[in-house]
Number of protein chains: 2
Amino acid sequence: MEERLRKVPDIVIRRLPLYLRVLDNLDHLEMPIISSEQLAQRLGFLSGQVRKDLSYFGVFGKQGVGYQTVSLREEIRRILKLNREIRVGLIGAGNLGAALVGYHQKNQEHRPLEIVALFDVDSQKIGQQIAGVDIYAVSELEKQVVAFQIKMMILAFPAVDAQMTVDRCIQAGVKSFLSFVPASIKVPPGIKLQTADVSLELQSLAYYS
Amino acid sequence: MEERLRKVPDIVIRRLPLYLRVLDNLDHLEMPIISSEQLAQRLGFLSGQVRKDLSYFGVFGKQGVGYQTVSLREEIRRILKLNREIRVGLIGAGNLGAALVGYHQKNQEHRPLEIVALFDVDSQKIGQQIAGVDIYAVSELEKQVVAFQIKMMILAFPAVDAQMTVDRCIQAGVKSFLSFVPASIKVPPGIKLQTADVSLELQSLAYYS
DNA sequence: TTATGTGAAGAGTTTCACAGCA
DNA sequence: TGCTGTGAAACTCTTCACATAA
C-alpha cells in the first residue's frame, strides 16, 4: 500500500494532528503501546475510524497488540512533513497577528513550524519586531518569501486586497494559507487554503444557541 | 416545507454566514435581485449547492427571476437567529483573548453577537476592562453566565481544566462554544462545540507544503 | 425564456464486521 | 485470544438535470 497512491481525503489529514496531540501527551514509559480503541476514546472517535485513517498511509500496528506510541508518533510526523523545518510567514502585524505569533511560540515550541517573518503596510511597524520576529513591508512580500523560503502564510489583515495579496504569495512560492481574513479567497489546484474566520464561526454557532 | 422538519446538516449551517457576507457586501440599490449562479460565483460554489442549501429552510426565490437581496438577507439572519441579540462570553483574557475581542468589535459591529463578559484566573486582570468589557474571575463563571444570560462562550485559555470549565458553562446554560484551546473537549448532544485550534490547522497544512 | 426547487444519481465518508496474524 | 487492517454496507453530502413557475 503505497503512500498517496490513493488520494488521501483532506478530512483524514485534518485528523492526524489530533492523533499526534494524544501521542505527545502520553507518558511513553508508562504507555509504550496504545490500541486504536484507547486512542479513539481520548478523542471521542470510533476505533474503526482511527484504523481506517492510518490505513491510508501503511501498516503501523501489530495485530493482537496495538501501536507503539513512539514510532506511531514519528510516522504521523513524517506523513504530515513535520519532520523538517517549515518556514511560515504572517501578513498583518495587528493585535490578532501579534497574538497569533505569541500563541504559536507558546504552543509550538517543539514543532518545526517556525514563523520567520511578519508583513504589514503600516510604516510605523515596519522594521520593528514582535516576539523576536522582524516586520517587513508588504511591498517586499515576494522578495522575503523567496529569501526565507516561506511555504506557508498566515493571513491576519483586513479584507482589502486579500485576493491580490494571496496571488502574489502563490507566485513567490507559498503553498498553503491559514486565513483569518473576512473575505472569500480563491486559490488554484495544488494550493491549500484553510479559513478560520472568527466572525463566520460565531455566526454559524448562533444557530445552535 | 417546514423549517427543521428535516434535520439540517451542520455543513449547510456553516455556509449560511458566507451567503450572508455576500449579501451584506452588495449594493442593494444597484443589485436588488441576485441569482443562485451569481451568489455561487462570488464564493466559488456551484449554483445547485446554493439552491439546495436554501431549500432546507423554505422557498425564497422566484422562478425565472432569482432572489431579492434584501429579503434573502433577512431570511438568513432569521434562520441563524441573528435577528436578536446573543450574548457571548470569553474565557482567557490573554493576548489571544484580547485580540479576539478587538477583532470581533471591528468586524461585527452591525451584528447582534455581543461579547458581554471576559473571564480570567489572574487576579491582576480581574476587575480590569478590555475594549470596554469587564473581566471577571473564573470562579464567578456560573454567576455571570446566568446574570448576563450568556449562550455562547469563546475559549481562549491554556489547556488546563478545559473539560471542567466547559462542563461548568453548560451547567449554567451555555449552548455553544468556539474553542481555541489545544485540548480535546467533549460535549453532550444538544451542545455545539466548534474548534479553532490554530496549532492543529497549521500542522495539517504542513502536509500540503 | 429564465432561473428556481427538487428528486435522483454520483461521490465521499463513516461504520461495520470479520479474516488474519501475533 | 486480542486487536489490526480492510472490504462491504450504510450513511451523508454534492452534483446533476429537469419539471415548473414567473
Side-chain angles (χ1 to χ4, degrees), chain A residues 1-16 18-19 22-23 31-73 75-76 79 189 192 204 207, chain B residues 1-16 18-19 22-23 26 31-73 75-76 79 189 204 207:
Chain A
M1 184 187 339
E2 281 306 303
E3 190 163 322
R4 235 158 311 142
L5 245 179
R6 14 172 157 169
K7 153 87 174 133
V8 181
D10 285 353
I11 195 145
V12 172
I13 299 299
R14 297 200 58 196
R15 279 193 293 265
L16 295 183
L18 293 167
Y19 302 143
V22 171
L23 294 169
M31 198 158 187
I33 285 171
I34 193 167
S35 68
S36 60
E37 179 58 38
Q38 291 170 309
L39 230 171
Q41 222 151 52
R42 283 157 205 255
L43 292 164
F45 296 173
L46 293 171
S47 63
Q49 170 117 259
V50 174
R51 295 197 300 279
K52 189 62 129 182
D53 283 355
L54 296 176
S55 78
Y56 280 98
F57 306 99
V59 169
F60 303 121
K62 271 209 176 69
Q63 298 192 341
V65 181
Y67 304 88
Q68 284 215 280
T69 52
V70 173
S71 68
L72 182 58
R73 184 183 62 183
E75 291 289 356
I76 295 177
I79 293 163
K192 184 76 189 166
S204 63
Y207 180 80
Chain B
M1 184 185 338
E2 283 304 304
E3 187 164 322
R4 236 158 310 142
L5 245 178
R6 11 171 159 171
K7 153 87 174 132
V8 182
D10 286 352
I11 196 146
V12 171
I13 299 299
R14 297 200 57 195
R15 279 194 293 265
L16 295 182
L18 292 166
Y19 301 144
V22 170
L23 294 168
L26 288 177
M31 198 157 187
I33 285 170
I34 193 168
S35 68
S36 59
E37 179 58 37
Q38 291 170 309
L39 231 171
Q41 221 151 52
R42 284 159 204 253
L43 292 163
F45 297 172
L46 293 170
S47 63
Q49 170 117 259
V50 174
R51 297 198 300 279
K52 190 60 129 180
D53 283 354
L54 295 176
S55 78
Y56 280 97
F57 306 100
V59 168
F60 304 120
K62 272 209 176 68
Q63 299 195 342
V65 181
Y67 303 89
Q68 284 214 282
T69 52
V70 173
S71 67
L72 182 58
R73 184 183 60 181
E75 291 287 358
I76 295 177
I79 294 163
S204 64
Y207 179 79

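Within every chain, numbering begins at 1; the chains are lettered A, B, ... in the order of the sequence lines, protein sequences first and strands thereafter.
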Looking for any heavy atom pair under 4.0 Å, which part of the strands does B:S36 touch: base, sugar-phosphate only, or nothing?
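Since only primed, P, OP1 and OP2 atoms lie under 4.0 Å of B:S36, the category is sugar-phosphate.
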Between A:G64 and A:R51, who's closer to the 5' end of DNA chain C by nearest nucleotide?
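It is A:R51 whose nearest nucleotide is closer to the 5' end.
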Hey, which of these two, A:Q63 or A:L46, hits DNA chain C nearer its 5' end, going by closest nucleotide?
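It is A:L46, whose closest nucleotide lies nearer the 5' terminus.
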Taking only N and O in the side chain of B:Y56, is any of them less than 4.0 Å away from OP1 or OP2 of D:dC13?
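The answer is no; no side-chain N or O of B:Y56 sits under 4.0 Å from OP1 or OP2.
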OP1, OP2 of D:dT14 versus side-chain N and O of B:R15: anything below 4.0 Å?
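Answer yes for this pair, as a side-chain N or O of B:R15 is under 4.0 Å from OP1 or OP2.
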Would you kindly give the [atom1]-to-[atom2] distance between [X] and [N], to the nearest whole Å?
{"X": "A:Y67", "N": "C:dC21", "atom1": "OH", "atom2": "C1'", "result": "14 Å"}
{"X": "B:F45", "N": "D:dC16", "atom1": "CZ", "atom2": "P", "result": "15 Å"}
{"X": "A:L72", "N": "D:dC3", "atom1": "CG", "atom2": "C1'", "result": "14 Å"}
{"X": "B:I34", "N": "C:dT4", "atom1": "CD1", "atom2": "C1'", "result": "14 Å"}
{"X": "A:Q49", "N": "D:dT6", "atom1": "CD", "atom2": "P", "result": "16 Å"}

Do B:K52 and C:dG7 have a side chain to base donor-acceptor pair shorter than 3.5 Å?
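It does, because a donor-acceptor pair links the side chain of B:K52 to the base of C:dG7 below 3.5 Å.
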Test your reading of the model: is there a side-chain donor-acceptor pair from A:T69 to the backbone of A:M31, 3.5 Å cut-off?
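Yes, the answer is positive, given that a donor and an acceptor are paired below the 3.5 Å cut-off.
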Would you check if there is a donor-acceptor pair between the side chains of A:S47 and A:R51 at a distance under 3.5 Å?
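Yes.
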Polar contact flag, side-chain donor to acceptor under 3.5 angstrom, B:Q49-B:R15
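Present: a donor and an acceptor within the cut-off.
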